[in-house]
Amino acid sequence: MNPSIQDREFATSRALSASPAEVLAAIADPQRLARWWGPNGFTNTIHEFDFQPGGTWIHDMHGPDGSVYPNRSVFVETGPQRIVIEHLETVHHFILTLTLEPAANGTLLTWRQTFDSVEECDLVRPYVPRCNEENLDRLEAELKLLTHPTNP
């Protein structure tokens with residue numbers, strides 16, 4: 001029996017109170033992306049970021065315990081309503097597809113992470129759904145900076 005794509009992916013959606021253009025801006029700007037990318041407690045060092053089809057994104061994610069996770073990706077599509085990123089690592093190779101749909105109060109963001117196999121997906125199942133939700137929480141906080149900036 002061939003497994004379906006749903007057996008090797010994680011998908012979640014989030015209604016965001018920002019326009020698709022504002023959400024895209026928080027993804028396409030490497031300084032902003034570095035602030036919100038990753039689960040709670042993670043920080044990022046971006047070494048290369050070329051936000052265009054075929055462009056490279058190389059960054060290190062720094063875990064709260066001091067661990068460093070090198071990441072290498074390529075942008076397959078870059079919007080305005082769909083961003084596709086291929087995470088090129090041999091361990092945890094996946095395709096991340098973000099869709100930005102206009103909604104009454106902003107944007108419906110769908111985050112779909114598709115792995116090469118069910119086995120690979122099962123290896124990360126204990127933490128990826130929670131981490132993806134934390135990532136979206138951090139994006140939401142970044143977007144609020146647009147409408148409620150803090151005074152210096």
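Numbering of residues begins at 1 and proceeds along the displayed sequence. The structure presented is a predicted model; accordingly, all values stated were derived computationally and were not measured.
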Write down the atom of Pro30, the atom of Ile46, and the distance for their closest heavy-atom approach. O-CD1, 3.3 Å
According to the interplanar angle, ranging from 0 to 90°, do the rings of Phe42 and Tyr69 count as parallel (below 30°), tilted (30 to 60°) or perpendicular (above 60°)? tilted
Do Phe49 and Leu33 come close enough that some side-chain heavy atom pair is under 4.5 Å? yes
Would you mind telling me which of His92, Arg8, Arg125 makes a side chain to side chain donor-acceptor pair (under 3.5 Å) with Glu120? His92
Might you point out which heavy atoms bring Thr78 and Phe75 nearest each other, and give the distance in Å? CG2-CB, 3.7 Å
His47 NE2 to Asp60 CG distance, which is reported to the nearest 0.5 Å: 3.5 Å
All salt bridge (Lys or Arg N to Asp or Glu O under 4.0 Å) counterparts of Glu86, not counting sequence neighbours: none
Qualifying residue, where the test is side chain to side chain contact (heavy atoms under 4.5 Å, CB included) with Phe10 and the options are Leu96, Thr114, Val128: Val128
Partners of Glu134 by side chain to side chain donor-acceptor pair (under 3.5 Å), sequence neighbours excluded? Arg130
Same apolar cluster: Val23 and Leu108, side chain cutoff 4.5 Å: no
With a 3.5 Å cut-off and sequence neighbours excluded, list the donor-acceptor pairs that the side chains of residues 50-59 form with protein atoms.
unit_1	atom_1	unit_2	atom_2	d
Asp50	OD1	Gln52	NE2	3.1
Asp50	OD2	Gln52	NE2	3.0
Trp57	NE1	His59	ND1	3.3

Within this structure, what is the CG-CZ distance for the pair Leu100 and Arg82, rounded to the nearest 0.5 Å? 11.0 Å
In Å and rounded to the nearest 0.5 Å, what is the CD1 to CG distance from Ile27 to Leu98? 5.0 Å
Check ring pair (Phe, Tyr, Trp, His ring centres under 6.0 Å) between Trp36 and all other residues, then give those that pass, not counting sequence neighbours. none
For Asp116, enumerate each residue passing the salt bridge (Lys or Arg N to Asp or Glu O under 4.0 Å) test, keeping only those at least two apart in sequence or located in another chain. none
Residues in side chain to side chain donor-acceptor pair (under 3.5 Å) with Asn135, at least two apart? none
Nearest-0.5 Å distance, CD1 of residue Ile5 to CZ of residue Phe115: 12.0 Å
Separation of Asn71 CG from Asn44 CG (nearest 0.5 Å): 8.0 Å
Please list all pairs meeting salt bridge (charged side-chain N to carboxylate O under 4.0 Å, His left out) that have one or both residues in residues 99-115, counting only residues at least two apart or in different chains. Glu9-Arg112
Please identify each residue that fulfils side-chain contact (heavy atoms from CB on, under 4.5 Å) with Ala103, with sequence neighbours left out. none
By side chain to side chain donor-acceptor pair (under 3.5 Å), Glu48 pairs with (sequence neighbours left out) none
Between Arg14 and Asp137, is there a side-chain heavy-atom distance shorter than 4.5 Å? yes
Thr107 side-chain N/O to Ala18 backbone N/O, donor-acceptor pair under 3.5 Å: yes
Sorted by chain and residue number, the side chain to side chain donor-acceptor pair (under 3.5 Å) partners of Gln31 (sequence neighbours excluded) come out as none
For residues 25-38, which residue pairs pass the salt bridge (charged side-chain N to carboxylate O under 4.0 Å, His left out) check, not counting sequence neighbours? Arg32-Glu142, Arg35-Glu142
Residues Pro70 and Val68: closest non-hydrogen pair is CD-O, 3.5 Å
I need the minimum non-hydrogen distance between Asp122 and Pro126, along with the two atoms involved. O-CD, 3.6 Å
Nearest heavy-atom approach of Glu140 to Leu16 is CG-CD2, 3.9 Å
All side-chain contact (heavy atoms from CB on, under 4.5 Å) counterparts of Gln81, not counting sequence neighbours: Pro102
Do you know which two heavy atoms are closest between Thr110 and Ser13, and how far apart they sit? OG1-OG, 3.1 Å
